[in-house]
2 protein chains.
Amino acid sequence: MAEYKVWFGRVRDCEVVERSDNLFESFSNCKNPKIPFSVKDAGLKVFKSEKEYYNTLRKVSIAVAEKKVDEELRSDEKYLIALLKTLDELDLTINLLSEKLRDLEDVRDTIICDELKELIKSTKQLRKKVEDEINSNSRKLIPNMSEILGGVIAVRLIERGGGLKRIAELPASTIQILGAEKSLFKALSRIKKGRKAKTPKHGIIFQHPYIRTLPKSMRGKMARFMAGKLAIASRIDFFRGELNEDLVETVRLKYEELKKLKKG
Amino acid sequence: MAEYKVWFGRVRDCEVVERSDNLFESFSNCKNPKIPFSVKDAGLKVFKSEKEYYNTLRKVSIAVAEKKVDEELRSDEKYLIALLKTLDELDLTINLLSEKLRDLEDVRDTIICDELKELIKSTKQLRKKVEDEINSNSRKLIPNMSEILGGVIAVRLIERGGGLKRIAELPASTIQILGAEKSLFKALSRIKKGRKAKTPKHGIIFQHPYIRTLPKSMRGKMARFMAGKLAIASRIDFFRGELNEDLVETVRLKYEELKKLKKG
């Protein structure tokens with residue numbers, strides 16, 4: 001007489017032999033292909049009513065689905081972050097090997113210099129491919145954030161912020177200074193001692209041309225605006241995952257406005 | 001009427017028009033291909049006798065030759081040191097990129113992983129070539145030191161010691177702890193404060209298998225012996241530049257002797 005695992009426990013011949021303590025776990029592990037009796041009929045011996053049976057089943061399935069989506073997201077995020085770290089490493093490699101190449105060329109013109117040049121060239125080619133991979137993957141996973149910031153800076157923000165989920169919960173003011181924690185705490189400690197200090201106006205997002213190309217006096221304004229829109233963008237990316245072109249356009253318009261002010 | 005530059009000044013029509021203040025510089029810059037009169041005849045109007053003329057010429061030529069040899073040596077040394085730094089950089093690159101590759105493979109199996117693998121492979125190939133280039137060049141420039149230590153460690157010693165010339169002037173005790181300055185000064189500062197401390201027994205040369213493979217109690221003895229022979233080796237390398245096989249053999253025999261003691 002066969003025993004079957006169902007989502008609420010173990011069943012033999014339509015009789016419940018063991019109720020599960022942890023419905024979530026039991027549901028996730030329940031993979032029998034064909035059960036020769038009605039699971040619901042067995043379930044009715046466990047739950048008080050058909051309503052309770054279906055309500056519980058619904059709750060548990062949603063919880064399991066949420067967990068799977070979360071895992072999937074985290075794997076996508078992990079991939080993007082691993083790519084970002086590879087990109088940073090390749091950049092460092094290109095810089096340091098180019099330095100060594102110059103040192104070698106200063107002393108002697110050898111075959112080693114040519115081979116080193118070739119290696120640097122291959123490293124640059126791979127760097128480009130990694131960047132493209134970051135951009136194409138971030139367009140899918142975080143369309144709004146990457147449309148505003150560009151793939152690389154958007155992923156850097158997620159890495160520093162501890163994941164998309166956490167970013168989506170952060171206030172704009174925190175997003176604005178992510179990556180500038182060091183100078184923030186330095187400023188706070190000065191202020192605590194009664195001294196004057198400026199808190200940082202921008203962290204990672206400062207790397208974006210929209211901020212970097214503005215005159216100093218406007219960068220704080222632009223960073224604040226951008227961080228506000230990024231707080232919204234990260235929430236759309238996390239909960240819906242679709243591109244909102246209006247949102248992105250607002251940021252661009254603000255930049256154009258500030259740029260004109262600069263010239264006027 | 002043409003004017004000619006000779007090693008002791010300027011001459012026009014066999015008449016000295018200007019005596020040089022700095023014979024060394026004048027000699028180095030004297031590159032007229034054909035002079036239509038006897039330089040010695042002109043020189044005799046400057047120097048008191050033929051003997052003085054030839055004595056001065058000899059002294060100046062030796063000084064110029066020494067300088068050229070020195071420059072050549074320094075250029076060879078610089079090349080070896082630039083190669084060593086390239087080797088270290090390539091090692092670092094291989095390690096860090098392999099780490100990134102593992103991180104990427106943990107998350108996803110993509111084309112990027114394959115391309116990164118290829119890049120690491122090319123880096124390893126170049127690393128091998130750089131090592132071979134170090135070995136073949138150091139065999140020429142510092143035959144005795146590299147026969148005792150192997151090319152890479154020998155060049156590292158020269159880099160740390162500030163050049164072959166300086167190494168050739170160092171006492172064995174300093175050669176023994178080159179590269180362990182940090183722990184030496186730490187120990188000295190502890191001793192100064194009246195506390196107990198052990199001074200380091202070996203620096204860069206510790207990387208050599210002859211020391212590393214011996215039991216701890218014998219490593220100090222081997223390092224001291226090796227440093228003594230290296231002091232001699234560096235002097236032969238600097239002043240003569242020929243391999244002394246007996247010297248190298250002594251070090252090998254000492255190692256065999258200590259190794260047997262270990263087993264006995």
Side-chain angles (χ1 to χ4, degrees), chain A residues 71-137 141 155 159, chain B residues 71-137 141 155 159:
Chain A
E71 271 165 9
E72 192 64 32
L73 175 72
R74 262 200 310 222
S75 143
D76 283 342
E77 269 186 41
K78 268 189 196 165
Y79 180 51
L80 273 172
I81 290 171
L83 284 173
L84 178 73
K85 292 196 170 170
T86 307
L87 186 83
D88 287 346
E89 196 53 52
L90 291 172
D91 272 334
L92 198 69
T93 299
I94 293 165
N95 281 338
L96 291 176
L97 289 184
S98 304
E99 204 178 85
K100 299 294 167 266
L101 175 65
R102 278 194 300 275
D103 288 352
L104 275 169
E105 282 177 335
D106 275 355
V107 196
R108 201 154 303 180
D109 189 22
T110 58
I111 182 84
I112 297 283
C113 293
D114 298 329
E115 303 231 6
L116 194 51
K117 249 180 237 162
E118 271 307 305
L119 186 69
I120 293 172
K121 202 174 139 196
S122 315
T123 311
K124 282 181 182 168
Q125 281 162 353
L126 181 55
R127 191 219 173 277
K128 178 80 182 72
K129 281 179 193 160
V130 172
E131 194 182 358
D132 291 347
E133 180 80 0
I134 292 181
N135 283 329
S136 76
N137 277 272
L141 188 70
V155 176
E159 193 259 323
Chain B
E71 270 165 10
E72 193 63 35
L73 175 72
R74 262 201 311 223
S75 142
D76 283 342
E77 269 186 42
K78 268 190 196 164
Y79 179 52
L80 274 172
I81 290 171
L83 284 172
L84 177 73
K85 293 195 170 171
T86 307
L87 185 83
D88 287 346
E89 195 53 54
L90 291 172
D91 272 334
L92 198 69
T93 299
I94 291 166
N95 282 338
L96 292 176
L97 289 184
S98 304
E99 206 178 85
K100 298 294 167 265
L101 175 64
R102 278 195 300 275
D103 289 351
L104 274 170
E105 282 176 334
D106 276 355
V107 196
R108 200 153 304 179
D109 190 21
T110 59
I111 182 84
I112 297 283
C113 293
D114 298 329
E115 304 231 7
L116 193 52
K117 248 180 238 162
E118 271 306 307
L119 185 69
I120 293 171
K121 204 173 138 195
S122 314
T123 311
K124 282 181 180 167
Q125 281 163 352
L126 182 55
R127 190 217 173 279
K128 179 80 182 70
K129 280 180 193 160
V130 172
E131 193 181 0
D132 291 348
E133 179 80 359
I134 291 180
N135 283 329
S136 77
N137 277 272
L141 188 71
V155 176
E159 193 259 324

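Reckoned from all heavy atoms, side chains included, excluding hydrogens, waters and symmetry mates.
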Any idea which of [options] has the most non-hydrogen atom pairs under 4.5 angstrom with chain A?
| options | value |
| --- | --- |
| I81(B), L92(B), L116(B) | L116(B) |
| Q125(B), R108(B), E118(B), K129(B) | R108(B) |
| T123(B), D103(B), L90(B) | T123(B) |

For the candidates L83(A), L104(A), T93(A), which exhibits the highest count of non-hydrogen atom pairs separated by less than 4.5 Å from chain B?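 Max contact count across the listed options: L104(A).
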Are more than 12 heavy atoms, taken from residues, nucleotides or ligands other than D109(B), located less than 6.0 Å from that residue's CG atom? no
Side chain, backbone, both or neither: which part of L126(A) has a heavy atom under 4.5 Å from chain B?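 Looking at L126(A), just its side chain touches chain B.
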Euclidean distance, [Y] [atom2] relative to [X] [atom1], rounded to 0.5 Å:
| X | Y | atom1 | atom2 | answer |
| --- | --- | --- | --- | --- |
| E115(B) | E133(A) | CD | CD | 10.0 Å |
| L97(B) | T86(A) | CG | OG1 | 8.0 Å |
| E89(A) | N95(B) | CD | CG | 10.0 Å |

Those residues at least two apart in sequence (or on a different chain) that pass side-chain hydrogen bond (donor to acceptor under 3.5 Å, both in side chains) with D88(A) are R156(A)
Checking K78(A) now: which residues fulfil salt bridge (Lys or Arg N to Asp or Glu O under 4.0 Å) with it, not counting sequence neighbours?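 K78(A) satisfies salt bridge (Lys or Arg N to Asp or Glu O under 4.0 Å) with no residue once adjacent residues are dropped.
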With a 4.5 Å limit on heavy-atom distance, are the side chains of V107(B) and D76(A) in contact?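 No, side chains not in contact.
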